[in-house]
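Letters A, B, ... mirror the listed sequences (proteins, then strands); counts begin at 1. None of these values were measured; they are calculated from a predicted model.
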Protein chains: 2
Amino acid sequence: MTGVKQRKDAISIAGLALHLGLSEGTISRALNNYPDIAEKTRKRVRDAANELGYQPSSTARRLARGVVETVGFVLPSRRDHLSDPFLSEILDGLAAELAMSGWDLLLAAVPDGQDEVEVMDRLVRSGKIGAFAVTRVKRSDPRVDYLRTAGVPFVVHGRTSKHSDYSWLDVDNEKAFVDAVNFLIGLGHKNIALLGGDLKMNFAWQRREGFQKAMSDAGLETPPDYIVDGISDGMGALEAMATLLALPSRPTAVVCVTDAVAIGAIHAIQKAGLKAGHDVSVVGYDGLPMGRATEPALTTMSQASYEAGREVARMLLEAVRQKNIKSLNKEIPQILWEAKLTLRASANPPVSNPANKSHREETKK
Amino acid sequence: MTGVKQRKDAISIAGLALHLGLSEGTISRALNNYPDIAEKTRKRVRDAANELGYQPSSTARRLARGVVETVGFVLPSRRDHLSDPFLSEILDGLAAELAMSGWDLLLAAVPDGQDEVEVMDRLVRSGKIGAFAVTRVKRSDPRVDYLRTAGVPFVVHGRTSKHSDYSWLDVDNEKAFVDAVNFLIGLGHKNIALLGGDLKMNFAWQRREGFQKAMSDAGLETPPDYIVDGISDGMGALEAMATLLALPSRPTAVVCVTDAVAIGAIHAIQKAGLKAGHDVSVVGYDGLPMGRATEPALTTMSQASYEAGREVARMLLEAVRQKNIKSLNKEIPQILWEAKLTLRASANPPVSNPANKSHREETKK
DNA sequence: TTGTATGCGTTATCAT
DNA sequence: ATGATAACGCATACAA
């Protein structure tokens, strides 16, 4: 498949030179703000460029300078990314921030029969990209392993279990779930369950860790039945919550790995003839818009995906700069953001065991 | 901001030539399957290329061939795209299909203070892209107006109100809503309301048209109160549905412009102490995964966004081919897909007015 | 302050 | 069947 002729009617630097009676070199330097160009000439060139709609060929510029101002983003292979509601938000943030520095964002899918690393490697070797952004990392992630050795600047949104030697932006998922559980404990809950996600995903693992930490720090028992892993969508949540509700001693509250799971849980509770936020409290994570429209509205932890995308882009640009300077003091920015709790109606004191303020105090460490 | 040195350790065609004792030209032709290369040589070159991991510089190739095998996609400006759950699906489909032909997908955001057309124009003039894909079009859409005159191949997912002269793939939204309404009528409903969307968006307009057509074809009244426009999320749905339920004569069924709206409606019904799917039937549109986990599970119309992305990519590639051939018989592929109804639990015969089979037959035209 | 010349890594058009 | 050589459009070192 052959592409389309580039820039149909586009004017090149040669055309501009002709038009102005200047040499191509002068035009180039004028437009790139070289100090050795007369202000008057620069203005003349600028004006003509604007007037004629001159836009330097990105391709030629890349070839001449040997640089590629493009960030690659490999879409999670289809079988994995069971509806990430925030993918487009992150991409939006990435693209927006990159655009401010004239960088582009290249999206790549993984064809059947290939894996993500192959795709990334081809992108690098063909010179299509100069840096990578990676999201939704597993605890052990081949993409990160590859990038560690590839010599391409990259920033990870999230982190792997071993994460000391590369740059990442993550949310403190563990703390988020510690906070969520402590919030419920503060309300008076003792029988708290977890609807957890795929433990290969690090965010799910971290959230589970936070759950367990908070429970054990508070000296609360967690029966094995109360921890359900591997839930990835509302349907899974529906079943898991039904099972939880059928337990001889059912929980008075559930913390859910995502809002999608939490909303499924809410419906399971309703289906069982109980009232979410009354008989069973529910806390989610994500801040999905829909959580405001559920009945009851969903109490949830949240992070700003769009902002995360922007920050990752900034880190990426900085990583590229560092690399070019070949500075010896290796700066490896690692940023941990906190999720914040959005109080709504789905979490309240347990009916049989009203909030116990003093107890709450005790569990705060 | 300066980019990263391209392809650190990458081997170039010159290196390969040296390694093999052949000229660069021969290597190039061998790898590009020119017929005038000895099979034996071709194999030798291929093997060496594989072994050394040679990958032609995409940049140099573009410059030499004057073609850009990259599709541009401008993200809807942030204020508009109130959570399009399918954006990432479409992008995924686009990228996947494009990759099969060696094409790339470039994502661009719209910086503050600029509009989408400016961004698109710059992408074209800088030679970064050779074609465009556009989604979520308004009835009158400046992006389409621009592309019509820009000379760049493009395909629209959806269509504007005037759409005879460009290539698009759309779902027959009108028919979808005719079907949805007829389905409800078949169940015995007569008092059917519409929770509609932003009428500037063509899909919302089309769905509304379908609703009205089906109602009037069936000879059913639709009080003005029964049609609510401009709902874009679950929150809006919550309020609108509450208003609908407070009406002296409340509807026995509502058709919703999206699943997000439908789910909001379900919760409003529940909040009002009624039962969705019993007191009020609800039909959505989108086939959101979460619709399977609501209580009751959501009856909805759906289309496959991923597949749509792939099809748009195919049409794009074909448009590029047509343009290169400069064929005189202008093929303008326009494809209309049908949404299919997914029966679940949220739509049933009205309680006070059980299904009337004969009536259903009558309304089928 | 400006012009000239070379190179970036390919492809494509000539020769040979 | 293969090897020179000239573009492609720009950036930059070096002259002037």
Side-chain angles (χ1 to χ4, degrees), chain A residues 2-45 49 52-69 102 124-128 130, chain B residues 2-45 49 52-69 102 124-128 130:
Chain A
T2 172
V4 91
K5 282 297 168 193
Q6 188 176 351
R7 311 193 307 158
K8 214 171 95 82
D9 51 304
I11 182 175
S12 74
I13 206 171
L16 245 191
L18 204 63
H19 179 80
L20 287 172
L22 289 170
S23 76
E24 301 185 17
T26 303
I27 308 264
S28 173
R29 280 169 307 191
L31 258 21
N32 288 298
N33 293 320
Y34 276 55
D36 58 359
I37 296 289
E39 251 334 301
K40 191 183 161 187
T41 309
R42 193 191 308 285
K43 177 163 170 31
R44 211 160 68 88
V45 173
L52 301 186
Y54 168 74
Q55 189 77 13
S57 153
S58 145
T59 303
R61 169 178 286 204
R62 281 183 196 177
L63 190 58
R65 302 219 286 207
V67 301
V68 196
E69 298 178 334
V124 172
R125 292 214 320 274
S126 66
K128 281 177 178 171
Chain B
T2 172
V4 90
K5 281 299 170 194
Q6 188 176 349
R7 310 191 309 156
K8 214 173 98 80
D9 51 306
I11 182 174
S12 75
I13 207 170
L16 246 191
L18 204 63
H19 180 80
L20 287 171
L22 290 170
S23 76
E24 302 184 14
T26 303
I27 308 266
S28 174
R29 281 171 307 193
L31 258 21
N32 288 298
N33 294 319
Y34 277 54
D36 58 359
I37 295 289
E39 252 332 302
K40 190 184 161 185
T41 311
R42 194 193 306 285
K43 176 161 170 35
R44 211 160 68 89
V45 173
L52 301 186
Y54 168 74
Q55 188 79 12
S57 154
S58 144
T59 305
R61 170 178 286 201
R62 281 183 195 176
L63 189 58
R65 301 218 284 209
V67 300
V68 196
E69 298 179 334
V124 173
R125 293 215 319 277
S126 66
K128 282 178 177 170

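Contacts between residues 15-22 of chain A and DNA chain C, defined by a heavy-atom separation below 4.0 Å, involve Gly21(A), Leu22(A), listed by number.
Residue Tyr54(A) places its side chain closer to dC10(D) than to any other of dT11(C), dC8(C), dC10(D). Across dG3(D), dG9(C), dT12(D), the shortest atom-to-atom separation from the side chain of Arg29(A) is found for dT12(D). The side chain of Ser23(A) sits closest to dG3(C) out of dG3(C), dG9(D), dT11(C). Side-chain proximity of Asp36(B) to dT2(D), dT2(C), dG9(D): nearest is dT2(D). Counting only heavy atoms from C-beta on, Ala64(B) has its side chain closest to dT10(C) among dA1(D), dT10(C), dT2(C). The side chain of Tyr34(A) lies closest to dA11(D) when the candidates are dT2(D), dT11(C), dA11(D). Minimum atom distance to the side chain of Ile13(A) is reached by dC10(D), of the listed dC10(D), dG9(C), dT2(D).
Between the CG atom of Leu63(B) and the P atom of dA6(D) there is a distance of 17 Å, given to the nearest Å. Atom CD of Gln55(B) is separated from atom C1' of dG9(C) by 14 Å (rounded to the nearest Å). The nearest whole Å value for the distance from the CZ atom in Arg61(B) to the P atom in dG9(D) is 18 Å. As rounded to whole Å, 16 Å separates atom C1' of dT13(C) from atom CZ of Arg65(B). Whole-Å rounding puts the Leu31(A) CG to dT2(C) P distance at 14 Å. If you take CD1 of Ile37(A) and P of dA11(D), they are 12 Å apart, rounded to a whole angstrom. Between Glu69(A) atom CD and dA11(D) atom C1' the separation is 13 Å, expressed in whole Å. As a whole-Å value, the separation of Arg62(B) CZ from dA12(C) P is 16 Å.
Close to dG9(D), at under 4.0 Å from its OP1 or OP2, lies no side-chain N or O of Thr59(A). Considering only side-chain N and O atoms, Ser57(A) lies nowhere under 4.0 angstrom from the phosphate OP1 or OP2 of dC10(D). OP1 or OP2 of dT2(D) sits under 4.0 Å from a side-chain N or O of Thr41(B).
Taking both residues in full, the closest heavy atoms of Gly102(A) and Glu69(A) are given as O-OE1, 3.9 Å, listed atom of the first, atom of the second, then distance. Across all their heavy atoms, Leu31(B) and Tyr54(B) have their closest contact at CD2-CE2, 3.7 Å. Closest heavy-atom contact between Ser57(A) and Ala60(A): OG-N, 3.0 Å.
The residue from Arg61(B), Arg62(B), Lys128(B) that alone fulfils the side chain to side chain contact (heavy atoms under 4.5 Å, CB included) condition with Thr59(A) is Arg62(B).
Position along DNA chain D of the nearest nucleotide to Gly25(B) versus Glu24(A) favours Gly25(B) as the more 5'-ward residue.
Atom-to-atom distance recorded for Arg42(A):CZ and Asn32(A):CG is 9.5 Å, nearest 0.5 angstrom. Taken to the nearest 0.5 Å, the CG atom of Leu63(A) stands 5.5 Å off from the CG atom of Leu63(B).
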Please output the side-chain donor-acceptor pairs of residues 14-24 of chain B that fall under 3.5 Å, not counting sequence neighbours, one pair per line with the distance.
{"residue": "Ser23(B)", "atom": "OG", "partner": "Thr26(B)", "partner atom": "N", "Å": "3.3"}
{"residue": "Ser23(B)", "atom": "OG", "partner": "Thr26(B)", "partner atom": "OG1", "Å": "3.0"}

